[in-house]
Amino acid sequence: MMKILVCVKQVPEFDLEAEIKINDSGQGVVTNHLTAFRMNRFDEYAVEEALLIKKSFSDVKIEALTVGPEDASAAVKRAMGMGVDHGIHILTREENPLLAGQVAQWISIVAKTKSYDLILTGVMSEDQMQGQVGPMLAEFLDLPCATSVISEKLAPENQSVIAEREIEGGYRDVLELKLPALLTIQSGINLPRYPSLSNVMRAKRAKLEIIAADSLSQQETATVSALDYPGKTRAAEVLSGSQEEKAQQLYRILQEKAIIP
Amino acid sequence: MIKKTAVIFESFEGKIRPPSWEALTCAVELSNGDTDEIQLILLGEKLEALAQEISEKGGRNVIAIETGNGGFYNSARYKSILTGLFREQGVTHICLAGTTQGLDYAPGLAIRMDAACLTGVEGVFDAGDRLGYVRSIHGGKIVERLSVAAPLTVIVTQPGTFKPFSDSNSAQGTVDLRADSGEESTIRNIEIKQVQKESSALAEASIIVSAGRGFKEEENLDLIRQLSTVFTKSAVAGSRPLCDLGWLEYSQQVGVTGAMVAPNLYLACGISGAAQHISGMRNAGFIVAINIDPKAAIFNYSDVCIVEDLTTFIPTVIETFEKLKAI
Ligand SMILES: Cc1cc2nc3c(=O)[nH]c(=O)nc-3n(C[C@H](O)[C@H](O)[C@H](O)COP(=O)(O)OP(=O)(O)OC[C@H]3O[C@@H](n4cnc5c(N)ncnc54)[C@H](O)[C@@H]3O)c2cc1C
Ligand SMILES: Nc1ncnc2c1ncn2[C@@H]1O[C@H](COP(=O)(O)O)[C@@H](O)[C@H]1O
């Protein structure tokens, strides 16, 4: 049997309805009943890729894992709704910051006991935007790793996977990695499916494997962070008035700048 | 504290990747004038001329390591060569550019060396007894200021955020050319293949109108095409998600993994302003953004901000512009 792990993260979506605000400690953002949470978009591609592998090879088991507080389990449930077989939740305390190195270490401790053949992560989390957990996890597990993977083909007969990494300028870096290996999945590799009703029902009933982060290792706190709202790099003149007035102003501004005749 | 910073340069097809010069600027900003040392590092194949170029333009000593392996970048080998080198050199900071290659090996290198690692670094500051780093989170709606207490920090810069290094006064450094035949790797390089030619359409356009996920439906893209026809010498571009969906061609994608553009006018419609997109268009002459969310990050990079629903506003712009043109 081949075992695949997909790491998924629950992220908040801040938009018109749920404006982003920094909390009183200055180290986090406020989330409340207005905040919509969803699975990190890049992780949807990773889940889909695992499901596609399962479809083309027999005897594949896919597990999804998340690290986070209570609510984070929704991302695992979503993955199960898409068709993942088993869910694992490394439960952190609400106040634990999720530092990349720490998250990767926690996952590695759990993964060591499970002997996965392939581990998939997203290329980046939309909230932290670091692209670190995947390659760090690979390092903790001493696995070969390829990031920004835009195409992959397993070759179980060779115990390897051929991966194409997207690099700059329309090029791809084509590699063969010995299994077990870790790939971080870039958007565009596939079209992630929506959860199916039957899988969602199954996911609802399924019991997640819950592991307390504290039982794995102690939190590091070498990093001090303070959040701020971004400054402006340009004039950022905000137009006002009706739509038509704004369009007229824009026309005049572009004329003044000699951008249009 | 005396810092010793290593800057890892990257080359592709015999040329230095431009963001490497930005990583050097970051290293210079971190350093304390003359007391701190900056060592330049280059890995790859046939490095002599490139190493010479870096030592001249960078004004510092270069260690260039021929890695064999057909000149291919290989993360497993790079991590082991660099770990050996940095143990020998005793560095406190490592700077490199957040290219797809830098992002591929830097986090693993940091873990291997027990170092802290920061990616997407857009600025540095003095945080008292430590150095501080600035990066964007939450799609650019928040900036994070971090300071790290670690004997070694790996700093990966966001392309386009630091100025490319240039200093005409700097003295030329020395070049130390080495070779590392390397060990077997669990990763085998097969080839570098080109899947897409760079399109000249975006490079030649003086006005680029660009669409993002705010368009929601493929049909809505007619709006951006019509808007484009209002201007002469214009082209239609977009953010990555629209290309992933197949609504636009990948040759139309602007950003770190798409085209880097600098038209006279960049008109961003329904684009949130994630760092990866901003890197590709921040050098445009004039930037106008249309977004329904007044807090959209794109507005922080814009000359003119228009808070409107693009589905109704773009038709108004087209109509108004046609009317005013006719006068
Ligand atoms: C390694 C890597 C490389 C990447 N390279 C690139 C790249 O080259 N180029 C790139 O673009 N991205 C790239 N990305 C992706 C990037 O991180 C963002 O995910 C992407 O840029 C977001 O695209 P968007 O702004 O169109 O979508 P979103 O972030 O979803 O933003 C949509 C915006 O539309 C607005 N909106 C919604 N409805 C309306 C309406 N009716 N009227 C007006 N506005 C509306 C919303 O307020 C929002 O601001 C990369 C990511 C990674 C990890
Ligand atoms: N808290 C988490 N739980 C599970 N997976 C995570 C977590 N954080 C990051 N990841 C995985 O690592 C990828 C990169 O995240 P990041 O390093 O935060 O940009 C994500 O796409 C996820 O697949």
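Below, chain A is the first sequence line, B the second, and so on; all start at residue 1.
- With a 4.5 Å cut-off on non-hydrogen atoms, B:Thr312 touches chain A through its backbone and its side chain both.
- Contact annotation for B:Gln158: neither backbone nor side-chain heavy atoms come within less than 4.5 Å of a heavy atom of chain A.
- Contact check for A:Met124 versus B:Gln276: side-chain heavy atoms found under the 4.5 Å cut-off.
- Neither the backbone nor the side chain of B:Asn74 comes within less than 4.5 Å of any heavy atom in chain A.
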Item to complete: Might you work through the side-chain contact (heavy atoms from CB on, under 4.5 Å) test for A:Glu166 and B:Thr100, ending with a clear yes or no?
Response: CA-CA 8 Å; A:Glu166 182 187 56; B:Thr100 54; 5.7 Å; no
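- Proximity to chain A is limited to the side chain of B:Ser75, based on heavy atoms less than 4.5 angstrom apart.
- Heavy atoms closer than 4.5 Å to chain A are found in the side chain of B:Phe12, but not in its backbone.
- Looking at B:Glu319, neither its backbone nor its side chain comes within 4.5 Å of chain A, counting heavy atoms on both sides.
- For A:Glu164, the part sitting under 4.5 Å from any heavy atom of chain B is the side chain, from C-beta outward, and nothing else.
- A:Leu254 and B:Phe231 make their closest contact through CD1-CE2, 4.2 Å (heavy atoms, listed as atom of the first residue, atom of the second, distance).
- Contacts of B:Thr119 with chain A are made by both backbone and side-chain atoms, with heavy-atom separations under 4.5 Å.
- For chain A, no part of B:Tyr133 is nearby; none of its heavy atoms comes within less than 4.5 Å.
- Contact annotation for B:Ile187: both backbone and side-chain heavy atoms come within less than 4.5 Å of a heavy atom of chain A.
- Proximity to chain B (any heavy atom under 4.5 Å) is restricted, for A:Arg165, to the side chain, taken from C-beta onward.
- Here A:Glu17 does not pair with B:Lys295 in a salt bridge; the nearest charged N to carboxylate O distance is not below 4.0 Å.
- Counting only N and O atoms by type, the side chains of A:Thr233 and B:Arg282 include no donor and acceptor under 3.5 Å apart.
- The choice from A:Ser240, A:Pro230, A:Pro135 that makes the most heavy-atom pairs within less than 4.5 Å of chain B is A:Pro230.
- Listed options A:Lys178, A:Gln248, A:Lys246 were ranked by heavy-atom pairs under 4.5 angstrom with chain B; first place goes to A:Lys246.
- Using a cutoff of 4.0 Å between basic side-chain nitrogens and carboxylate oxygens, B:Arg17 and A:Glu168 are scored as salt-bridged.
- Heavy-atom distances place both the backbone and the side chain of B:Phe286 under 4.5 Å from chain A.
- For B:Ile318, no part sits under 4.5 Å from any heavy atom of chain A, backbone or side chain.
- At distances below 3.5 Å, at least one donor-acceptor pair connects side-chain atoms of A:Gln132 with backbone N or O atoms of B:Cys117.
- When heavy atoms are compared at a cutoff of 4.5 Å, B:Val288 approaches chain A solely by way of its side chain, counted from C-beta outward.
- Both the backbone and the side chain of B:Gln194 come within contact range of chain A, each with at least one heavy atom under 4.5 Å from a heavy atom of that chain.
- Not a single donor-acceptor pair under 3.5 Å links the side chain of B:Asp293 to the backbone N or O of A:Asp15.
- Between A:Glu139 atom CD and B:Leu109 atom CG the span is 8.0 Å, to the nearest 0.5 Å.
- For A:Glu19, the part sitting under 4.5 Å from any heavy atom of chain B is the side chain, from C-beta outward, and nothing else.
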